[in-house]
Amino acid sequence: MHLLNADLHCHSNVSDGTLSPAALAERAHAGGVELWSLTDHDEIGGQARAREAALDLGMDYLTGTEISVSFAGQTVHIVGLGFDADDEQLAQGLEHTRAGRRVRALQMAEGLAQVGIPGAFEGALQYVGNPELISRTHFARFLVETGVCPDTHSVFRRYLTEGHPGYVPTHWAKLGDAVRWITQAGGIAVIAHPGRYRFTPTEEYALFTEFIAHGGRGVEVMTGSHSAAEHIRYADTAVEFELLASRGSDFHAPGESRTELGTLPDLPGRLKPVWEALAARIHTAVR
Ligand code: AMP
Ligand code: MN
Ligand code: MN
Ligand code: MN
């Protein structure tokens, strides 16, 4: 099971990816993925299509989502895997988490208009696949397409992060709520890309201990968001906190994402893969 090619983190056009769930399934399968999960931000509207496409291709499937959480003044992402996609409390929690995105986007556009970039709300909307899920990524694509910045990374650096004109602070879900929505629906909660956050050691320790106290059980070790050094560092963290380890590319779009589906290094042998604990929750393809 260790050497299974599992890719348990990516995005479709139901959130801020550009491919449909079915097209992503094909890309994952072509990349050699054997166990796949679509983890759209704050949304599970693509789950049925992703699961059906995966099973048709002979690829095993776990349900997934990536919940936006506010913790210690920063945004933290919590991936949920293997939950019941029909769970009512999870659906309501995600709906509540999505609710502020439209107003936030209008405020972002106001900030951009003040520095001479008009029409960003309408511009970003052109890239949105799901009206409830307008994200900074859609603004970034618009600003690249109109020549304001050469690539999405520089848009984030110059306009969409704290201290810049298109940044609007947001209250996302509470850590304990996100973990509870996932676990009470039969899934496992996983801290996404811990290397991305800018926490002090004390804050990071608080994140892990509070996450575990709320019932969280996993951490992403192998992710497209980590450097080689962070792969090692968070493998140690998984051991230290006795957490299950996950692996996922965080693929968003061809030409935009550096890490292709299914191409990350395997989890180190000393870690316990999250998919072993979710064996009973896997939708298994007939091969
Ligand atoms: P939002 O949920 O609207 O705040 O948007 C967050 C999304 O923006 C993340 O899931 C990433 O896809 C994307 N993102 C965040 N930071 C960067 C960055 N520095 N470069 C490119 N994309 C980023
Ligand atoms: Mn994203
Ligand atoms: Mn994320
Ligand atoms: Mn992601």
Side-chain angles (χ1 to χ4, degrees), residues 7-19 24 37-43 46 64-71 73-81 94 97-109 111-112 120-121 124-125 127-144 149-164 166-173 175 178 189-198 207 218-220 222-227 230 234 246-259 261:
D7 195 317
L8 306 181
H9 189 151
C10 67
H11 300 273
S12 75
N13 59 5
V14 173
S15 65
D16 61 347
T18 58
L19 301 179
L24 263 183
S37 181
L38 169 66
T39 55
D40 279 312
H41 296 284
D42 309 322
E43 247 302 358
T65 186
E66 181 177 21
I67 305 180
S68 311
V69 161
S70 296
F71 183 85
Q74 291 189 47
T75 299
V76 165
H77 285 168
I78 300 296
V79 163
L81 297 171
L94 294 177
T97 307
R98 288 193 299 271
R101 281 185 176 270
R102 193 183 163 85
V103 171
R104 172 206 192 210
L106 287 163
Q107 291 170 345
M108 285 171 62
L112 291 169
F121 179 75
L125 265 188
Y127 297 88
V128 166
N130 170 3
E132 283 187 39
L133 215 294
I134 178 162
S135 96
R136 286 185 293 164
T137 313
H138 301 113
F139 280 84
R141 293 195 182 118
F142 171 67
L143 295 193
V144 171
C149 287
D151 54 62
T152 52
H153 242 74
S154 50
V155 182
F156 275 88
R157 205 176 51 244
R158 286 164 56 186
Y159 293 105
L160 302 183
T161 43
E162 199 166 352
H164 297 101
Y167 181 75
V168 174
T170 314
H171 288 290
W172 298 115
L175 179 64
V190 175
I191 297 178
H193 43 62
R196 279 246 303 260
Y197 312 127
R198 296 289 159 254
L207 170 65
V219 60
E220 278 185 350
M222 291 300 170
T223 142
S225 298
H226 280 175
S227 64
E230 286 166 338
Y234 288 103
S246 193
R247 175 183 189 264
S249 56
D250 208 354
F251 183 85
H252 282 71
E256 199 177 286
S257 299
R258 280 168 304 162
T259 307
L261 286 148

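These numbers come from the heavy atoms of this one structure, side chains and all, not from hydrogens, waters or symmetry mates. Keep in mind that this is a model prediction, so the values were computed, not measured. In listed order, ligands and their atoms are each counted from 1.
- Ligand 1 is approached by R104 to a heavy-atom distance shorter than 4.0 Å.
- The proximity of R157 to ligand 1, defined as any non-hydrogen pair under 4.0 Å, does not occur for either the backbone or the side chain.
- For the pair F139/I134, a side-chain contact is recorded, criterion being any heavy-atom separation below 4.5 Å from C-beta on.
- Checking only distances, H252 does come within under 3.5 Å of ligand 1, N or O to N or O.
- R101 counts as a contact of ligand 1, since one of its heavy atoms falls under 4.0 Å from the ligand.
- For H11 and E66, the side-chain atoms include at least one donor-acceptor pair closer than 3.5 Å.
- A donor and an acceptor atom, one from each side chain of T137 and S135, are located under 3.5 Å apart.
- Counting heavy atoms closer than 4.0 Å to ligand 1, residue T75 contributes nothing at all.
- Considering backbone and side-chain atoms together, R136 places an N or O closer than 3.5 Å to an N or O of ligand 1.
- For the Mn ion (ligand 2), the set of nearby N, O or S atoms under 2.8 Å includes none belonging to H11.
- Only the side chain of H41 comes within 4.0 Å of ligand 1, judged by heavy-atom distances.
- Side-chain atoms of D250 and T223 form no donor-acceptor pair, as typed in the model, at a separation below 3.5 Å.
- Taking the Mn ion (ligand 3) as reference, the nearest N/O/S atom within H77 carries the name ND1.
- For R157, the side-chain contact (heavy atoms from CB on, under 4.5 Å) partners two or more places apart in sequence, or in a different chain, are S154.
- The shortest distance between side-chain heavy atoms of L175 and I78 falls below 4.5 Å.
- For ligand 1, the atoms sitting less than 4.0 Å from at least one non-hydrogen atom of S135 are 3 (O), numbered in the order shown with element in parentheses.
- Under the 4.5 Å side-chain criterion, counting only non-hydrogen atoms from C-beta, P194 is in contact with V219.
- Metal site remark for the Mn ion (ligand 2): E66 contributes no N, O or S atom at a distance under 2.8 Å.
- Expressed to the nearest 0.5 Å, how far CD1 of I191 lies from CZ of R196 amounts to 14.0 Å.
- The angle subtended at the Mn ion (ligand 2) by OD2 of D16 and NE2 of H41 is 100°, given to the nearest 10°.
- At the top of the distance list for atom 14 (N) of ligand 1, counting protein heavy atoms only, stands F156 CZ, 3.3 Å.
- In terms of protein heavy-atom proximity, atom 7 (C) of ligand 1 is closest to T137 OG1, 3.5 Å.
- Considering backbone and side-chain atoms alike, D16 places an N or O below 3.5 Å from some N or O of ligand 1.
- The side chain to side chain donor-acceptor pair (under 3.5 Å) test with D42 singles out one residue from R98, H77, R101, and that residue is R101.
- Under the 4.5 Å side-chain criterion, counting only non-hydrogen atoms from C-beta, T161 is in contact with R136.
- None of the N, O or S atoms belonging to H9 lies under 2.8 Å away from the Mn ion (ligand 3).
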